[in-house]
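Here's the structure, in structure tokens; my notes come after.
Because only heavy atoms are used, hydrogens play no part in the values below, and waters and symmetry mates are left out as well, while side chains stay in. Here the structure is a predicted model, which is why all the values come from computation and not from measurement. In what follows, every chain begins at residue 1, and chains take the letters A, B, ... in the order their sequences are listed.
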2 protein chains.
Amino acid sequence: MDKKKNISMAVIKRLPKYHRYLRELMENDIDRISSKELSEKIGFTASQIRQDLNNFGDFGQQGYGYNVKELYNEISAILGLTKIYKTVIIGAGNIGQAIANYTYFDKVGFSVQGMFDINPKIIGLKINDVEVLDIDFLDDFLRKDNIDIGIICVPKNSAQKVCDMLIRNKVKGIWNFAPVDLQIPEDAQIVVENVHLSESLLTLSCLMNDDIN
Amino acid sequence: MDKKKNISMAVIKRLPKYHRYLRELMENDIDRISSKELSEKIGFTASQIRQDLNNFGDFGQQGYGYNVKELYNEISAILGLTKIYKTVIIGAGNIGQAIANYTYFDKVGFSVQGMFDINPKIIGLKINDVEVLDIDFLDDFLRKDNIDIGIICVPKNSAQKVCDMLIRNKVKGIWNFAPVDLQIPEDAQIVVENVHLSESLLTLSCLMNDDIN
DNA sequence: TAGATTGTTAATCGATTAACAATC
DNA sequence: TAGATTGTTAATCGATTAACAATC
């Protein structure tokens, strides 16, 4: 079971896609699939699929392929989706609200426990049943409520300050939407995942200008 | 100048970060930097930085380093930021509104020409001075207005339909926020960049459960 | 049993890093 | 000129693909 060590980032980045396609197969009542068939759907080579999955154990069966439901459960477990994560959203503007309203996140185990903002016009609003609190309460809230994940949706100038507070309160993960690279102390036991929208848009425009094709 | 061929995706994905750090340096009135100094800021190795930049030309000077403003301009050009892109946003929910309100995009040349939605409660709203139109007008609008980029912010079930319409109307790029992999015909001259938020979140939770550390 | 498909090793390909001559 | 730092080649490292024996 604990074959799980030294998994490369390349593999980890592909796992959510496996998860999504397997869920789709389940919804279509398909209960078995070969690496070749999956390859055609998902766009990775069959060889890569088998390599990827073998990082975690022997999930398949020769001559048969993979049991969809079983594989889905295994990958869910690898992705850490067998527990509930308590999250807070800091910054309740459009992005913060978008995340709070996205039911999928709740469905896979990410529960929004609190939302925080600095803007008096936003404080007090209820977004998907969660009231937006004054950001002054964040420190207390984190200390008391054992929050797992902080979702940073504030402007870039305040992102590091929020990050520091999250680290100080032993949050385990940060999902960062601010367009900065957060500074994390060497010894902090925390994982950061960035969503840099502007970098994504610039990638698009770069590809649009690539003379290739 | 047209050394620009066969640039790997790995390099392209790093360019926006160079762009961001160089802008920051300019804002701080720093006008020259070596690959070593930049390395310390940006977190890529000095060697990699020199390799990356050399894909596009000889931007540096032995014994001196790189001129910040010059390099910034070169990278802006490579990223295709020397022109204005006409964009439309399809789906004016939280995500669509977030993008419409993000002034940075406008600043680097992405101009929102139209927003579209199917929800009568949203149609007619003005988001950052752009009126949300009924999605029935999208086809016409695309045909007439020479739109460069379609930004898909609709739910996953309608994303492919929107995508098809964008392709039919010769849009050159798609920025896709719907959690699906869009099907693009082989012969379509179009570039797609995905922002799959759910995949990003699952990556975070996977890393949080990695026994590594 | 015969056919299918995995798990896994070996080969290939590509990306990153190291090293250093060229040169400002 | 001497020192610094690039541009670029060669070495290393890692990821992907191909191949096939194992086996269901």
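- More than 12 heavy-atom neighbours from other residues, nucleotides or ligands sit within 6.0 angstrom of CD1 on I12(A).
- Here dT8(C) presents its C1' atom at 16 Å from CZ of F56(A), a figure rounded to the nearest Å.
- Under the Watson-Crick or G-U wobble criterion, with both distances below 3.5 Å, dG14(D) is paired with dC13(C).
- Partner assigned to dT8(D) is dA19(C), using Watson-Crick or G-U wobble distances below 3.5 angstrom.
- A salt bridge does not link D145(A) with K86(A): every distance from a Lys NZ or Arg NE/NH1/NH2 to an Asp or Glu carboxylate oxygen is 4.0 Å or more.
- Nucleotide dG14(D) holds its P atom 14 Å from the CG atom of N55(A), rounded to whole Å.
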Practice problem: Using a 4.0 Å heavy-atom cut-off, write out nucleotides 1-7 of chain C from 5' to 3' as B (base contacted by protein), S (sugar-phosphate only) or - (no contact). | Solution: ---BBBB
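- With rounding to whole Å, Q51(A) atom CD is found 9 Å from dT17(D) atom C1'.
- Taking 4.0 Å as the cut-off between side-chain N and carboxylate O, K83(A) and D148(A) do not count as a salt-bridged pair.
- Across all strands shown, T45(B) has heavy atoms under 4.0 Å from sugar-phosphate atoms exclusively, and none from any base.
- Using cut-offs of 30° and 60° on the angle between ring planes, the pair Y102(A) and Y104(A) is tilted.
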Practice problem: Any chance you could lay out the salt bridge (Lys or Arg N to Asp or Glu O under 4.0 Å) test for E193(A) and K13(A), step after step, and finish with the verdict? | Solution: CA-CA 11 Å; E193(A) 166 76 13; K13(A) 290 279 178 191; 3.4 Å; yes
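- Counting to the nearest Å, the C1' atom of dA19(D) and the CD atom of Q48(A) are 17 Å from each other.
- In a base pair of the Watson-Crick type (N1 to N3 plus N6-O4 or O6-N4) or a G-U wobble (N1-O2 and O6-N3), with each distance short of 3.5 Å, dC24(D) is matched with dG3(C).
- A donor N or O paired with an acceptor N or O is found under 3.5 Å between the base of dA18(D) and the side-chain atoms of S47(A).
- Summarising the geometry, the separation between CD1 on I12(B) and P on dA15(C) is reported as 11 Å, rounded to the nearest angstrom.
- Between the side chain of N55(B) and the backbone N or O of I7(B), no donor-acceptor pair lies under 3.5 Å.
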